[in-house]
Amino acid sequence: MRAIENLFQSPVVVAASSLSLADDGLFPEERAHVENAVAKRRAEFGTARMLARKALAELGAAPVPLVPGPDRAPVWPQGYTGSMSHCADFCAVAVARSREVRSLGLDVEDLRQLDPSLLELVLTPTERRWLQAQPEDVRPMLPITLFSAKEAYYKCQYPITRGFLDFQDVELAIDPGAGTFEARVVRAGWSDAVARLGGRFVVADGRVHCGVELPQAGA
Ligand SMILES: CC(C)(COP(=O)(O)OP(=O)(O)OC[C@H]1O[C@@H](n2cnc3c(N)ncnc32)[C@H](O)[C@@H]1OP(=O)(O)O)[C@@H](O)C(=O)NCCC(=O)NCCS
């Protein structure tokens, strides 16, 4: 939990746990959403809903169904925003009040070496050059961190732009020692509000956790 709390500077409530089949705690429309899904998907979907309701309750929100939109993005109750992520046996959710935070992006990945065939897909040429210059002992786990940071950035920008970005559209400047990164959209014409956002990452418990936040102006 501490790893996820440390990702955000805004007033954000986080909840995290291992996955469990939580069908009983779901609203009928949520259950219907995953009724044909395999057990693993039902577990990640259900666990994420239970954690999200717990975190939202800490902010004073009433329990409501959290059914994704047709674009698969989460739909949060009026007045709240957040982000969810799941990996092999872990799920995490971050939520905040919309008056304080405009958007959040959270991503967790099991620490692993990214398949070498994915390196060219995920990393820009500049990022690949940066990677080659890193000390050999830390290099193997950096690609999954960059991957996760881009996913967190994507989730944060999506509610603002509703736009799709490719991995090559986003370039990261990452400071491994500080656990921070800056994500910048290199494709022309992207919304100024999210064209450049800062984020944080924490490696703990065999996972990398990445968070990106867009505070409300003046909050
Ligand atoms: C959305 C996406 C980033 C999810 O990431 P993932 O690593 O596959 O899965 P995670 O478990 O971390 O996250 C899943 C959650 O993301 C959220 N999500 C899905 N689409 C989303 C979107 N467009 N915006 C914000 N959040 C989204 C959902 O809450 C989902 O959980 P749920 O299915 O239980 O509701 C990914 O599937 C996707 O759509 N990628 C396309 C864009 C992309 O990756 N571009 C490269 C990076 S710039």
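Counting starts at 1 for both ligands and their atoms, following the listed order.
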Any pair with a residue in residues 194-219 that passes salt bridge (charged side-chain N to carboxylate O under 4.0 Å, His left out), sequence neighbours left out, goes on the list, sorted by first then second residue, please.
->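 Non-adjacent pairs meeting salt bridge (charged side-chain N to carboxylate O under 4.0 Å, His left out): Glu182-Arg196, Asp205-Arg207.
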
Heavy-atom distance to atom 6 (P) of ligand 1: which of Glu44, Glu151, Gln168 wins?
->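 Closest candidate by heavy-atom distance is Glu151.
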
Please state which protein non-hydrogen atom is closest to atom 9 (O) of ligand 1 and give its distance, to 0.1 Å?
->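 Atom 9 (O) of ligand 1 sits closest to the protein heavy atom Lys155 NZ, 4.4 Å.
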
Could you tell me the residue and atom name of the protein heavy atom closest to atom 15 (C) of ligand 1, and the distance to it rounded to 0.1 Å?
->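 So the nearest neighbour among protein heavy atoms is Met84 O, 3.5 Å.
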
Using non-hydrogen atoms of the residue, decide whether His86 is closer than 4.0 angstrom to ligand 1.
->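 His86 counts as a contact of ligand 1 under the 4.0 Å cut-off.
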
So, Glu171 and Thr124: side-chain donor and acceptor under 3.5 Å apart, yes or no?
->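 The criterion, which ignores hydrogens and geometry beyond distance, is satisfied for Thr124 and Glu171.
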
Would you check if there is a donor-acceptor pair between the side chains of Asp107 and Ser148 at a distance under 3.5 Å?
->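 Yes, Asp107 and Ser148 have a side-chain donor paired with an acceptor closer than 3.5 Å.
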
Are Tyr153 and Phe181 an aromatic pair by the rule of ring centers under 6.0 Å?
->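 Distance test on ring centres: not under 6.0 Å, no.
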
Phe201 ring center near His209 ring center (under 6.0 Å) |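 That pair fails the under 6.0 Å test.
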
Is Lys150 salt-bridged to Glu127, cutoff N-O under 4.0 Å?
->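 The answer is yes: the pair qualifies as a salt bridge.
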
Looking only at heavy atoms, is any part of [X] under 4.0 Å from ligand 1, and if so is it the side chain, the backbone, or both, or is it neither?
X	value
Arg49	side chain
Phe164	side chain
Arg41	side chain
Glu109	side chain
Tyr154	side chain

When you compare ligand 1 with [X], is there at least one nitrogen or oxygen pair between them that comes in under 3.5 angstrom?
X	result
Asp107	yes
Tyr153	no
Pro68	no

Does the side chain of Gln168 reach to within under 4.5 Å of the side chain of Arg187, using non-hydrogen atoms?
->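 Result no, sub-4.5 Å side-chain heavy-atom pair not found.
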
Are any of the side-chain heavy atoms of Val212 and Leu214 separated by less than 4.5 Å?
->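 Not in contact.
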
